[in-house]
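Worksheet: one structure, shown below.
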Amino acid sequence: METIFSLAAENLLSPIILFFVLGLGAAFVRSDLSVPEAAAKTLSIYLLFAIGFKGGVSVSNHGVDSTLLLSVLAGLILSFAIPFVAFGLLRTMTRLGTIDAAAVAGHYGSISIVTFVAATSVLQSQGLDSEGYLVAVAAVMEAPAILSALWLVAKFSGSKNAAENAQGTKGLVREILLNGSIVLLVGSFVIGFLSGPKGLADIESFIVAPFKGVLCLFLLDMGLVAGRGLRSSAHHMRPGLILFGVLMPLIGAVAGFVAASLIGLSVGGTVLLMTLSASASYIAVPAAMRVALPEANPSIYLTMSLGITFPFNLTLGIPLYLSIAQAFGG
Amino acid sequence: METIFSLAAENLLSPIILFFVLGLGAAFVRSDLSVPEAAAKTLSIYLLFAIGFKGGVSVSNHGVDSTLLLSVLAGLILSFAIPFVAFGLLRTMTRLGTIDAAAVAGHYGSISIVTFVAATSVLQSQGLDSEGYLVAVAAVMEAPAILSALWLVAKFSGSKNAAENAQGTKGLVREILLNGSIVLLVGSFVIGFLSGPKGLADIESFIVAPFKGVLCLFLLDMGLVAGRGLRSSAHHMRPGLILFGVLMPLIGAVAGFVAASLIGLSVGGTVLLMTLSASASYIAVPAAMRVALPEANPSIYLTMSLGITFPFNLTLGIPLYLSIAQAFGG
Amino acid sequence: METIFSLAAENLLSPIILFFVLGLGAAFVRSDLSVPEAAAKTLSIYLLFAIGFKGGVSVSNHGVDSTLLLSVLAGLILSFAIPFVAFGLLRTMTRLGTIDAAAVAGHYGSISIVTFVAATSVLQSQGLDSEGYLVAVAAVMEAPAILSALWLVAKFSGSKNAAENAQGTKGLVREILLNGSIVLLVGSFVIGFLSGPKGLADIESFIVAPFKGVLCLFLLDMGLVAGRGLRSSAHHMRPGLILFGVLMPLIGAVAGFVAASLIGLSVGGTVLLMTLSASASYIAVPAAMRVALPEANPSIYLTMSLGITFPFNLTLGIPLYLSIAQAFGG
Amino acid sequence: MEMKDAKRVEIIIEAPMENRLTDVLDEAGVTGYTILPVMGGSGRSGRWSREGQVSIAGGMVAIICIIRPDRLEGLLEAAFSVVERHIGVVTVTDCSVLRAERF
Amino acid sequence: MEMKDAKRVEIIIEAPMENRLTDVLDEAGVTGYTILPVMGGSGRSGRWSREGQVSIAGGMVAIICIIRPDRLEGLLEAAFSVVERHIGVVTVTDCSVLRAERF
Amino acid sequence: MEMKDAKRVEIIIEAPMENRLTDVLDEAGVTGYTILPVMGGSGRSGRWSREGQVSIAGGMVAIICIIRPDRLEGLLEAAFSVVERHIGVVTVTDCSVLRAERF
Ligand SMILES: Nc1ncnc2c1ncn2[C@@H]1O[C@H](COP(=O)(O)O)[C@@H](O)[C@H]1O
Ligand SMILES: Nc1ncnc2c1ncn2[C@@H]1O[C@H](COP(=O)(O)O)[C@@H](O)[C@H]1O
Ligand SMILES: Nc1ncnc2c1ncn2[C@@H]1O[C@H](COP(=O)(O)O)[C@@H](O)[C@H]1O
Ligand code: NA
Ligand code: NA
Ligand code: NA
């Protein structure tokens, strides 16, 4: 237990977290501090580019582990399955209607790449290694949850219209799979794999050295956006929902832990799979939901994902998952 | 004297200055060279982030000096007081009306963070240290001058209407204090202080190594903007105004020198407080003036600040302040 | 021959090329991956800034070679002359009308700075030096081709109207010469020359270390833009045009080789002058053509330049030019 | 200058629906339109802003379409089929255009 | 398609006044509007451009507001109270809207 | 609120022609206009988007000009002299303005 607390304390004082808190605070006091949209998008491209490439290089270094395929499979299953758990929980714990509950559930099956990056950086500071291909697992987990959410609506929604549309949404699956962040992450991963350590040496001082600093800026921005969302959607955040936003990542993390143990991932890898399962999407899934489930209220799912679960994972969740993985796994 | 000239000459050939001159030149010949607005804003965020963080780390390294509080107080007083001097001077030296004079005066009480950064980089190249908390002093000096300017209008303006509005401007003080650049600078300072040298090590290769290069790009952009401003507002720039734009920073620098001597700052710190007092705002104050004193002509105050005083400080002012501080202070 | 193939293979697996291919691929499968316009422009500013500055420093290191002036002259002549060859070829090989043919020809006389940068980076990985002032030659070659294109229209176009306008275009020459990318490239070159190795030391970690990584991002973006262009203009790309897009750079490269041999450039310098002559503009010339020859179809010249010739040079051309220069030149 | 009557249709729609809308317009034979960026706004679902956003989910775009009056109905039906379930605003204004032969 | 008459109000105003204007609109019960970015312009106070600018002082935004005709007067009064001392342009155009029940 | 009739002219033109157009407008005594950025569009020459573009060649801008009705003809002639050979759309709408003395 001691370690959890000291880890959490150390984590809470890292610049990454502090800049997120600065963003939150600035938004709460209504400061006009803001990061241009183009800059935020570019920072996000940088992070995907760097994390994908480094993952690919790491796989090319260590060879393709026998567990790679199993991990990808586990990611697929987790992403498909978690929304069902989340949906059940939401319907019992909160007063959300079917459509809103399904939309929120979809977010929790998918993943947040920044949470993943933050976990990587905690691992690093603890001197822990992890399987490089978990970056690919992250990419694989982005989309399936969306299909689960649509299936839930089709199955449980009274409104035939919504159900129809959810299924009939032309081209949506294609769009989800070819989503910019998936393509960039997977593409950079493959390129990293192909160019290996020699390629890494070429661009190391772009994607390794400044990485943490860029992450700080990005988290400042996420704090600003999350803070503005929380402020304007505070009235939606009933206790039940907030509780769900903290409970669900724990459940996800446990599921991730079980999967990682079955596969036999390293401690570091276990933490990352737990983090992926625990995290909720805030880029790809919201966009898909606006197209497929326009009736769902974006204030609810965005605030849950970005305002509650993201900060929880960032501050307390990741150290907790690390403690669990170190105590029981590895 | 020799040193002043050699310093000035060395300074004039530094890439920072040369890129500013390139920007000016490109604007004068009407080249379509331009930096996207989003990029300029992001560069500015980067500079505030880096300078604030490094200041905080420096304070956490050297401990909180007994002079910190005095310096902050001095900053407050300088920012409040300088506009009065500037206003008096403007009313005697130039033909500006009350409102325009007050608006310009407000700019000179406040500060320009890039001028501060440029001074820091000159200190560095001379191997001079300075008190890290002067970053906090810079933040403190941003806003008070705005209140002085409004007070001047309320007191001296014949137009009751303008005076009324200047005072009645709802929420303006709050807005000024929570201005994005102040929040980011102070926030990064506090974060730097909290995370200390360990935090710095994490993000050093983002905020230290590339700093000067980023500054060059930013100054290129400032040269472009200043040059365009000068070109389109040349007709406003009567000799009296231009003289004021060169004289006022000198007066400010002397005031800063006196304050620094009383407090007992190091030579480096003295140069920085002189530079802060000598510099004029071009981000926060113009925005506040548009809201509170819309009758004041933005072409005048922006051109004075960005087109006359900023280049003067950058090229001749800073080396001069350094020479003075070395000759008489420390 | 062996070397050509191994060089080409090595080149094809460099991250730079792979990211270009990723962009192309993402565009072909209609992924929504995209780089914000402001980011693309900023990346381009960064590249010009860095390449210009480094070129200037290199000249200040090695002194002004007696060949500098000859090289600049050669650049001028190549840029003026190549469009005539291109025009002749286009009129025989393709069914393009006079105006379209002249517009395309103008692009091939001018240069693509990214192709130049990519060649520099291939030279570097081969441990080959080159004359720093070729950056200035690159700048010099941007504009003259535009005048040749307009002259071709004035001479050969049946439409008197187009011809008239092409000549009468007020201020166009001025605009072309003061084009943002020329000003920035030349300006940075001069600044690099003035600040020398000391200046380089100041900003090295901004413009040298991360350079290749930034180039990867930029090429990702170029791949996306080229891919979208190819997809939407595929119907214009008749075999004759495609053949021209591959043949013309070879002709240009030969012309560049001859010029370089006459001047007596180093092997590295020869490769760069060949690359400049072989490359086609996609920034400055298209903008000039929209103003001066609005009747020319932008889909054709943009797709030729960015969709055919740029990828050809990037992947096969540069290694080929290097092999030729090593075999016959130096 | 010779001008002809036309309609100016302005559709403010969620960014993730942009491609669907323009595809439907293309199908309906409406090939002339211009897309303007939108920074923020307010509606029954509250206030929003693009500042610092990474996802396109929360944004909107404005599509402007100048069209001959007799083709308006077709455009509106096409647009409506996409906008129907979504938030967004469709307005039509009378206008006149230069070079009417282009529309 | 069934359309209803409405007014399209377009307010071009200095960026630093944006929040004040939207606050006043909110107070006046006008909760539907869309904000477009502005790149530059020209007026009696000369030409300006957002290029390379860091401060919001020199910029403007365009606020578009579709409103039922009977609510126009309230909107204009609210807007005028903010625009009064400031530079900026307010125009009103007749238009028709789809889904009029939303306004 | 007292309003006066005016014309709202909207010119969508290629970005490389922007300065030429505004110069011509200035010469014609039209000194009030506002320039909006454009993200993309579609026309007879196909679809385009500003995404990731470095050159201004492929982009357009929208210039909005509020003008007194009696000055419309002069504006249109000036605009046409620039737009003539180029792609672009010019529309005119009736509107009313606050603070008409400014125009
Ligand atoms: N009356 C209106 N005038 C202009 N834009 C509107 C109006 N109503 C809604 N919008 C835009 O459409 C978005 C969604 O509206 P709503 O569905 O009412 O939340 C808003 O955020 C605005 O950007
Ligand atoms: N007649 C007009 N049409 C369109 N925009 C205008 C007009 N007049 C002024 N503006 C806009 O309002 C800003 C300020 O105008 P002014 O107060 O006349 O300097 C200008 O820079 C333009 O962006
Ligand atoms: N009917 C229209 N409505 C709105 N914008 C148009 C229209 N036609 C053309 N445009 C714009 O003008 C550009 C060039 O049109 P075009 O010359 O037809 O290719 C298009 O890409 C659009 O941005
Ligand atoms: Na998850
Ligand atoms: Na000052
Ligand atoms: Na060439």
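Scope of the values below: all heavy atoms of this structure, side chains included, with no hydrogens, waters or symmetry mates. What you see is a predicted model, and the numbers here were worked out from it, not measured in a lab.
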Partner residues of B/Leu43 under the side chain to side chain contact (heavy atoms under 4.5 Å, CB included) criterion, sequence neighbours left out: B/Val214, B/Leu217, B/Phe218
Check: B/Phe49 ring centre within less than 6.0 Å of A/Phe19 ring centre: yes
Atom pair CG (A/Leu18) and CZ (B/Phe53), whose distance is rounded to the nearest 0.5 Å: 8.5 Å
Pairs involving residues 103-123 of chain B, ordered by first then second residue, that meet salt bridge (charged side-chain N to carboxylate O under 4.0 Å, His left out) (sequence neighbours left out): none
Contacts of type ring pair (Phe, Tyr, Trp, His ring centres under 6.0 Å), residue A/Phe310, not counting sequence neighbours: A/Phe20
Closest non-hydrogen atom pair between A/Pro36 and B/Ala38, with its separation: CG-O, 3.6 Å
Chi angles and distances behind the side-chain contact (heavy atoms from CB on, under 4.5 Å) call for B/Leu184, A/Leu22: CA-CA 8 Å; B/Leu184 181 53; A/Leu22 175 59; 4.3 Å; yes
Under 3.5 Å, what donor-acceptor pairs does chain B form with chain A?
from: B/Arg174; atom 1: NH2; to: A/Val29; atom 2: O; distance (Å): 2.7
from: B/Leu178; atom 1: O; to: A/Ser31; atom 2: OG; distance (Å): 2.6
from: B/Gly180; atom 1: N; to: A/Asp32; atom 2: OD1; distance (Å): 2.5
from: B/Asp202; atom 1: OD2; to: A/Lys212; atom 2: NZ; distance (Å): 3.3
from: B/Ser205; atom 1: OG; to: A/Ala209; atom 2: O; distance (Å): 2.9

Chain B contacts, top residue of A/Val35, A/Val208, A/Val29, A/Leu220 (heavy-atom pairs, under 4.5 Å): A/Val29
Residue B/Ile207 versus chain A: region with a heavy atom under 4.5 Å: neither
Over 12 foreign heavy atoms within 6.0 Å of CG, B/Leu73: yes
